[in-house]
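Note that the numbering runs from 1 along the sequence shown for the chain.
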Amino acid sequence: MQVLTVANQKGGVGKTTTTVNLAASLALMGARTLVVDLEPQAQAGTALGLNINSSEVSRSLGWALQAYVQGIETDLPGIIYDRSTLLEPFETSGVLHLLASEESTMSRAQDLLVGAGFAATPILRRMLLSLEAHYDFVVIDTPPAISSLAAVGWAAGDWVVTVCFPEYATVRGAVTLAGSVKFVAKNTDNECRPQYLGAILNKSNPPSNWKQQEVDVREGMISSGLLPFVGDIRQSDLISRSFAGGVPAVLGYTNLPPGKQYAALMQEVLTRMDTPQDQWQIAPGPFSEVENVV
């Protein structure tokens, strides 16, 4: 089982859409895939067409985290939601499951994690390892900002990717995230050893529409050591439409640019997982692709 965490200190960069589309891409490939929603606003559930109501809070990840922090036994497989119906139009043996979030229980879980300190950082990692026989991949959506929930998400991952979009502040958030990941092993006595895998540029524009800020962001991703992936996710109304419809773009628009871009990005992520870092293909600088910047 490989665990991939999607993170950035800054909100609004597209972590959730990235999470669910990478997970759906894996499921399309035939993988048994679990999405873990650590965001109190439960955006990954919305993107997969599921929202927990007040009668289902005991099936929320926040509820399970509270139990684990307090040493209470929990039936983790019993609270997982099956979203594999989204795969029915396709010929695939993959599964797409969800550990869903709910605001009140996740907020309470965060309070307990803060009180427990560094000792609680590996808790999600331990929970997920109990499911190792059931899944090939886990993809975790994390909340923005440096928080106990975010730290628990980074520590749970074998790999951490960050997401940027063409604004200056997103590079700063990604650099902070990449730096923070390096300290996880020390803070958990080497129980959790996530590896930073690279940065995804989301909501990008075609080269003919690049403004100076986008050029600077692309240059900043390279010069800051963020190891940007070659494949971008271009700005598209189809992605926001798919989010609102509860079907990831890679499933709803498989043969259109958004679906193809996410599928190609997932392949690139898998290649990095299986390749030494000194052999990774890094996105070229912007001026190797475009000469005229508006």
Side-chain angles (χ1 to χ4, degrees), residues 4-22 25 141-142 144-146 150 154 159-182 195-243 249-250 253 256-273 275 277-294:
L4 176 67
T5 299
V6 181
N8 192 310
Q9 182 188 7
K10 190 179 187 309
V13 297
K15 293 188 304 296
T16 299
T17 53
T18 301
T19 298
V20 298
N21 277 285
L22 293 181
S25 295
D141 187 27
T142 58
I146 304 299
W154 311 334
W159 314 94
V160 178
V161 297
T162 188
V163 184
C164 299
F165 74 125
E167 289 188 6
Y168 295 119
T170 68
V171 175
R172 183 181 304 170
V175 170
T176 300
L177 178 279
S180 298
V181 168
K182 295 178 182 178
Q195 179 179 341
Y196 176 73
L197 198 63
I200 298 162
L201 184 60
N202 189 41
K203 302 180 182 179
S204 69
N205 298 297
S208 60
N209 290 341
W210 286 357
K211 294 181 171 60
Q212 189 62 49
Q213 182 171 225
E214 181 154 354
V215 170
D216 291 345
V217 165
R218 290 174 179 271
E219 289 283 12
M221 291 172 70
I222 296 170
S223 63
S224 299
L226 290 177
L227 306 174
F229 290 91
V230 175
D232 293 354
I233 303 299
R234 294 280 175 87
Q235 176 75 30
S236 172
D237 290 341
L238 295 179
I239 296 176
S240 57
R241 189 183 304 172
S242 68
F243 185 95
V250 76
Y253 302 104
L256 294 177
K260 292 180 178 180
Q261 289 162 20
Y262 280 118
L265 176 62
M266 189 66 250
Q267 288 287 355
E268 194 176 352
V269 168
L270 291 172
T271 297
R272 286 198 182 185
M273 288 180 177
T275 308
Q277 184 175 320
D278 60 3
Q279 297 178 26
W280 291 355
Q281 187 176 3
I282 306 301
F287 289 107
S288 64
E289 300 182 30
V290 62
E291 296 180 357
N292 298 317
V293 179
V294 295

Test Ser242 against Tyr253 for side chain to side chain contact (heavy atoms under 4.5 Å, CB included), laying out the working first.
CA-CA 8 Å; Ser242 68; Tyr253 302 104; 3.9 Å; yes
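- Residues Ser204 and Phe165 have side chains not in contact (no heavy-atom distance under 4.5 Å, counting atoms from C-beta outward).
- Using modelled atom types, one side-chain atom of Ser236 and one backbone atom of Leu238 make a donor-acceptor pair closer than 3.5 Å.
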Could you walk me through whether Leu227 and Met221 satisfy the side chain to side chain contact (heavy atoms under 4.5 Å, CB included) test, starting with their C-alpha distance in whole Å, then the side-chain angles of each, then the deciding distance to 0.1 Å, before giving a yes or no?
CA-CA 7 Å; Leu227 306 174; Met221 291 172 70; over 6 Å; no
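- When the side chain to side chain contact (heavy atoms under 4.5 Å, CB included) test is applied to Ile222, the partners found at least two apart in sequence or on another chain are Pro228.
- Residues Val269 and Arg272 are not in side-chain contact: their nearest non-hydrogen atoms beyond the backbone lie 4.5 Å or more apart.
- Considering every non-hydrogen atom in both Tyr196 and Val181, the closest pair reads N-CG1, 4.3 Å.
- Remark: side-chain polar atoms of Thr162 are paired, donor with acceptor, to backbone N or O of Ala7 under 3.5 angstrom.
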Step-by-step side chain to side chain contact (heavy atoms under 4.5 Å, CB included) determination, Val20 to Phe243:
CA-CA 9 Å; Val20 298; Phe243 185 95; 5.8 Å; no
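- Within the model, atoms NZ of Lys15 and OG1 of Thr5 stand 12.5 Å from one another, a figure rounded to the nearest 0.5 Å.
- Nearest approach of Gln195 to Gln277, heavy atoms of both residues: NE2-OE1, 4.2 Å.
- Here Asp216 pairs with nothing under the salt bridge (Lys or Arg N to Asp or Glu O under 4.0 Å) rule; sequence neighbours left out.
- Between Asn8 and Val163, the closest heavy-atom pair is ND2-O, 2.6 Å.
- Using a 4.5 Å cut-off on side-chain heavy atoms (C-beta onward), Trp159 and Met273 make contact.
- For the pair Thr142 (side chain) and Ala150 (backbone), a donor-acceptor distance under 3.5 Å is absent.
- Looking only at distances, a side-chain donor or acceptor of Thr17 sits under 3.5 Å from a matching main-chain atom of Gly14.
- Take Glu214 and apply the salt bridge (Lys or Arg N to Asp or Glu O under 4.0 Å) test, not counting sequence neighbours, and it matches Arg218.
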Please walk me through it: do Leu265 and Ile233 pass side chain to side chain contact (heavy atoms under 4.5 Å, CB included)?
CA-CA 8 Å; Leu265 176 62; Ile233 303 299; 4.1 Å; yes
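- In terms of heavy-atom proximity, Asn21 sits nearest to Ala249 at OD1-N, 2.9 Å.
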